[in-house]
2 protein chains.
Amino acid sequence: MFHALADGTRRDIIVRTMQSELSVSALARSYPMSFAAVQKHVTVLERAELVTKRPKGREQLVSGNIQVVRDAFGLLDRLEVLWRSRMSQFGEVLADDPREGANE
Amino acid sequence: MFHALADGTRRDIIVRTMQSELSVSALARSYPMSFAAVQKHVTVLERAELVTKRPKGREQLVSGNIQVVRDAFGLLDRLEVLWRSRMSQFGEVLADDPREGANE
DNA sequence: CTATTCTACAACCATATGGTTGTAGAACTA
DNA sequence: TAGTTCTACAACCATATGGTTGTAGAATAG
């Protein structure tokens, strides 16, 4: 699933389909590559369950799936916890986590 | 950088080195592959700045770097925000974010 | 009905990836 | 000094990856 996130085009597809449903061909028009290439990217994202497809007439509407993204937070959060426990062995956390408190 | 996270061995190396500094050869003993293979994984992680290496005598001590992990949160958080804005167009957020509130 | 659009999928290609073995040097150990 | 350990790096290999073009069918438009 991190593999699915490891490509710029795919990350962009996720960003766009997280905002609104888009057909595969609509997506394909946005990128400097063939329809088939974009189709493959969507397939990779679909297998990773980062997006879902819904047929509508002859189109397939692609929609971002937030659930698996949240799973990714899990791994990252785990790393954060491990790092903090290591830091606490030295009795000091040098850098505060910029995520906490502020909205950005 | 998601590419660096896209391999199970590398994710494990991150997890282990986030807890404590480990030499490349110490890491290599943990995996069913050659020293050179583990060495390559460490190099990939180093280029992505997910770990740092510190020489100590003839050893290279590998240490997880939390900063870039936090950068990954950035992308994920952005996706979360986009998804929420889409959901709000329908006036309802069906699933609450399990991250908020609870510690796990 | 005909033409167009959208999708699916196969075949193919160049390059990247993850693994291997082998060589060599630097740093410890005995 | 001699042997061992740790690292670096080159060369090589099989397979995965990201792209292409081409074919074909289903749905829509005219």
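Note that the structure is predicted; figures quoted are calculated from it, not measured. Each chain gets a letter, A, B and so on, in the order its sequence line appears, and its residues count up from 1.
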| task | Measure the distance from CD on Gln60(B) to P on dA27(C) and round it to the nearest whole Å. | result | 11 Å

| request: Check the side chains of Ser30(B) and Arg16(B) for a donor-acceptor pair under 3.5 angstrom, ignoring hydrogens and angles. | output: yes

| Sugar-phosphate only, base, or nothing, as touched by Ser23(A) at under 4.0 Å among non-hydrogen atoms | sugar-phosphate

| Within this structure, what is the CZ-to-P distance between Phe2(A) and dG18(C), rounded to whole angstrom? | 15 Å

| query | Looking only at side-chain N and O atoms, does Arg58(B) come under 4.0 Å of OP1 or OP2 in dG25(C)? | reply | no

| query | What is the distance from NZ of Lys40(A) to C1' of dT7(C), rounded to the nearest Å? | reply | 15 Å

| task | Verify the contact: side-chain N or O of Lys53(A) to OP1 or OP2 of dA8(C), cut-off strictly under 4.0 Å; return yes or no. | result | yes

| message | Using 0.5 Å steps for rounding, measure from the CG atom of Asn65(B) to the NZ atom of Lys53(B). | response | 14.5 Å

| Looking at Arg29(B), does any N or O in its side chain come under 4.0 Å of the phosphate oxygens OP1/OP2 on dC6(D)? | yes

| Could you give the CG-to-P distance, from Asp7(A) to dA16(C), as a whole number of Å? | 14 Å

| Does Ser34(B) put a side-chain nitrogen or oxygen below 4.0 Å from OP1 or OP2 of dT20(C)? | yes

| field | Atom pair distance, as rounded to whole Å: NE2 in His41(B) and P in dT17(C) | value | 12 Å

| Does a side chain donor of either Ser20(A) or Arg86(B) reach within less than 3.5 Å of an acceptor in the other side chain? | no

| request: Please state whether the phosphate of dT7(D), meaning OP1 or OP2, lies under 4.0 angstrom from any side-chain nitrogen or oxygen of Ser25(B). | output: yes

| request: Could you tell me whether the phosphate oxygens of dT17(C), OP1 or OP2, come under 4.0 Å of any side-chain nitrogen or oxygen in His3(A)? | output: no

| field | Aromatic ring pairing Phe2(B)/Phe2(A), orientation class (parallel under 30°, perpendicular over 60°, tilted between) | value | parallel

| In whole angstroms, how far is the P atom of dC6(D) from the CG atom of Leu27(B)? | 12 Å

| note | Atom CD of Glu59(B) and atom C1' of dG25(C) are separated, to the nearest Å, by 17 Å

| query | Is Arg70(B) salt-bridged to Glu80(A), going by a charged N under 4.0 Å from an acidic O? | reply | yes

| task | Send over the distance from Arg47(A) CZ to dA8(C) P, rounded to a whole Å. | result | 14 Å

| request: Output the single nucleotide from dT17(D), dG19(D), dT7(D) whose closest atom is nearest the side chain of Ala37(A). | output: dG19(D)

| field | Contact nearer the 5' end of DNA chain D, comparing Thr9(A) with Gly57(A) | value | Thr9(A)

| query | Does Gln39(B) place a side-chain N or O at less than 4.0 Å from the phosphate oxygens OP1/OP2 of dA8(D)? | reply | yes

